[in-house]
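Only heavy atoms go into these numbers, but all of them, side chains included; no hydrogens, no water, no symmetry mates.
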Amino acid sequence: MVKISDKLHCVAYRGTDSTLIGWKENFNMGFICPIRSQVLAKVYLEDFAEHVKGKLLLSGHSKGGNLASYAAAFCNAKVQKRIQTVYNYDGPGFEEKILEEEGFQRICDRIRTFVPQASMVGMLLGHKEKHQVVHSTEVRVPIQHNMYSWEVLGTRFVYEESVNSASVYLDHTMKDWLASMDIDKRERFVEAAYSLISDTPDKTLAGLFSNWKQNSKLVLRSLIHMDEESKRTISEGMSLFLKCAMNASFLPGTE
């Protein structure tokens with residue numbers, strides 16, 4: 001929480017931590033809504049609003065931006081009326097049914113979403129709100145998610161006209177991939193994939209990748225001993241992803 005004045009407070013939500021279980025909850029967003037962190041974000045906002053007066057700002061980066069948007073959309077009407085603006089910094093969106101909810105419709109015009117020109121995370125799932133594209137000085141696409149690479153001039157971001165072809169390509173690939181699987185298939189794929197990496201001794205993404213040689217052997221061993229149904233789930237999910245990726249490569253503007 002940040003107290004800006006006696007009549008203006010900002011509630012800021014953090015993004016995903018580095019733990020594997022934290023990232024699993026991110027993937028759960030593809031088939032569950034609300035996830036536990038979204039529920040807690042709403043509860044926290046309503047509780048906090050009871051203790052302060054005046055207008056409210058909500059903000060968050062990455063998953064935190066999603067939490068800020070969810071809390072704003074589904075908090076009680078009295079609190080929602082006090083929300084001045086929601087700042088979503090490269091946070092993922094929601095399933096279409098969430099975007100059509102009355103609460104989201106009421107708050108949509110007050111959500112300001114910012115993404116870098118090669119946005120990956122911020123283009124996931126669906127968005128109804130308008131977004132602005134910020135210039136990132138980082139060449140490596142995944143690192144553009146880091147807000148410290150976003151260019152600032154004075155008190156404002158430096159903007160681009162639109163996201164680039166890499167972002168468009170990923171957006172089409174991920175949306176087509178999710179559309180090709182029903183909710184049950186998405187859940188089974190996430191559970192099967194998580195069971196593979198959770199067998200490694202490292203419980204954070206940093207550890208998983210820093211010890212990738214050892215961990216890749218453990219993942220392969222787990223895959224070999226996995227039950228046939230789970231193997232089939234992994235195989236079908238990856239095949240669908242590759243198919244969607246190849247189809248997306250032929251879209252205009254993705255060369």
Side-chain angles (χ1 to χ4, degrees), residues 1-18 26 37-38 41 44-45 48-49 51-73 75 79-94 99 104-171 174 205-206 253-254:
M1 181 276 291
V2 178
K3 180 180 179 180
I4 300 174
S5 70
D6 289 338
K7 295 185 179 181
L8 182 62
H9 294 78
C10 178
V11 178
Y13 294 94
R14 68 167 295 173
T16 313
D17 60 25
S18 62
N26 289 353
S37 58
Q38 290 171 333
Y44 179 84
L45 172 62
F48 175 75
H51 295 85
V52 297
K53 297 180 179 180
K55 295 292 185 179
L56 298 167
L57 301 175
L58 276 64
S59 68
H61 171 250
S62 191
K63 182 181 179 180
N66 175 278
L67 298 183
S69 299
Y70 182 89
C75 63
V79 172
Q80 192 180 61
K81 288 180 180 179
R82 295 169 57 189
I83 298 173
Q84 182 172 297
T85 310
V86 180
Y87 296 96
N88 175 10
Y89 299 105
D90 208 28
F94 301 92
L99 301 177
F104 191 91
Q105 295 292 320
R106 288 196 302 263
I107 201 69
C108 188
D109 289 342
R110 283 176 273 167
I111 300 176
R112 296 188 62 188
T113 293
F114 302 84
V115 299
Q117 69 267 25
S119 174
M120 297 175 64
V121 178
M123 301 300 287
L124 296 175
L125 299 176
H127 291 269
K128 289 289 186 181
E129 77 280 9
K130 295 180 180 179
H131 68 268
Q132 292 176 276
V133 182
V134 181
H135 175 71
S136 171
T137 58
E138 180 60 61
V139 176
R140 294 167 294 177
V141 171
I143 311 302
Q144 288 194 17
H145 185 56
N146 185 340
M147 286 184 65
Y148 285 108
S149 75
W150 295 10
E151 189 173 355
V152 176
L153 182 62
T155 59
R156 297 180 179 272
F157 287 127
V158 175
Y159 295 106
E160 298 276 356
E161 290 187 5
S162 63
V163 294
N164 63 21
S165 58
S167 182
V168 173
Y169 170 73
L170 178 67
D171 181 44
M174 293 301 297
L205 279 182
T254 59

Scanning both residues in full, the closest heavy-atom pair of Gln117 with Val134 reads OE1-O, 3.2 Å
If you define the side chain from C-beta out and look only at heavy atoms, does anything of Leu170 sit under 4.5 Å from Met123? no
Contacts of Tyr13 that satisfy ring-ring contact (aromatic ring centres under 6.0 Å, His included) - sequence neighbours left out: none
My understanding is that only residues two or more places apart in sequence, or in another chain, count here; which of them pass side chain to side chain donor-acceptor pair (under 3.5 Å) with Ser62? His145
Where is the tightest heavy-atom contact between Ala71 and Leu45, given as atom of each residue plus distance? O-CD2, 3.7 Å
Donor-acceptor check, side chain of Glu129 to backbone of Asp109, threshold 3.5 angstrom: yes or no? no
Do you see a donor-acceptor pair shorter than 3.5 Å between the side chains of Ser167 and Ser119? no
For Arg110 and Ile83: C-alpha separation, side-chain torsions, deciding distance, then whether side-chain contact (heavy atoms from CB on, under 4.5 Å) applies. CA-CA 8 Å; Arg110 283 176 273 167; Ile83 298 173; 4.1 Å; yes
What's the shortest heavy-atom distance between Val141 and Ala118, and which atoms? CG1-O, 3.5 Å
List for me each residue that meets ring-ring contact (aromatic ring centres under 6.0 Å, His included) alongside Phe157, sequence neighbours excluded, and say none if there are none. Phe114, Trp150
Just so I know, are the side chains of His51 and His9 near enough to count as touching, which here means a heavy-atom distance under 4.5 Å? no
What distance separates Gln38 CD from Ser69 OG, expressed to the nearest 0.5 Å? 10.0 Å
CE (Met120) and CG (Asp171) are apart, to the nearest 0.5 Å, by 11.5 Å
By salt bridge (Lys or Arg N to Asp or Glu O under 4.0 Å) - contacts of Lys3 (at least two apart): Asp6
Are any side-chain N or O atoms of Arg82 and backbone N or O atoms of Ala49, one a donor and one an acceptor, separated by less than 3.5 Å? yes
Does Ser149 use its side chain to pair, donor to acceptor, with the backbone of Thr137 at less than 3.5 Å? no
Would you list the pairs meeting salt bridge (charged side-chain N to carboxylate O under 4.0 Å, His left out) in which at least one residue belongs to residues 56-72, sequence neighbours left out? Glu25-Lys63
If you measure from CG on Asn88 to CZ on Arg112, what distance do you get to the nearest 0.5 Å? 12.0 Å
Please check: side-chain N/O of His127 versus main-chain N/O of Gly122, any donor-acceptor pairing under 3.5 Å? yes
Starting at NZ of Lys130, measure out to OG1 of Thr113 and round the result to the nearest 0.5 Å. 12.5 Å
Find the distance between SG (Cys75) and CD1 (Ile107) and round it off to the nearest 0.5 Å. 6.5 Å
If you compare all heavy atoms of Asn66 against all heavy atoms of Pro92, which two are closest, and at what distance to 0.1 Å? ND2-O, 3.1 Å
Once salt bridge (Lys or Arg N to Asp or Glu O under 4.0 Å) is applied, do any residues pair with Arg14, and if so which ones, sequence neighbours excluded? none
Output for pair (Gln132 CD, Glu161 CD), nearest 0.5 Å, gives 13.0 Å
For Glu160 and His135, the nearest pair of non-hydrogen atoms, with its separation, is OE2-ND1, 2.7 Å
Exercise: identify the closest heavy-atom pair between Gln144 and Val139: NE2-O, 4.3 Å
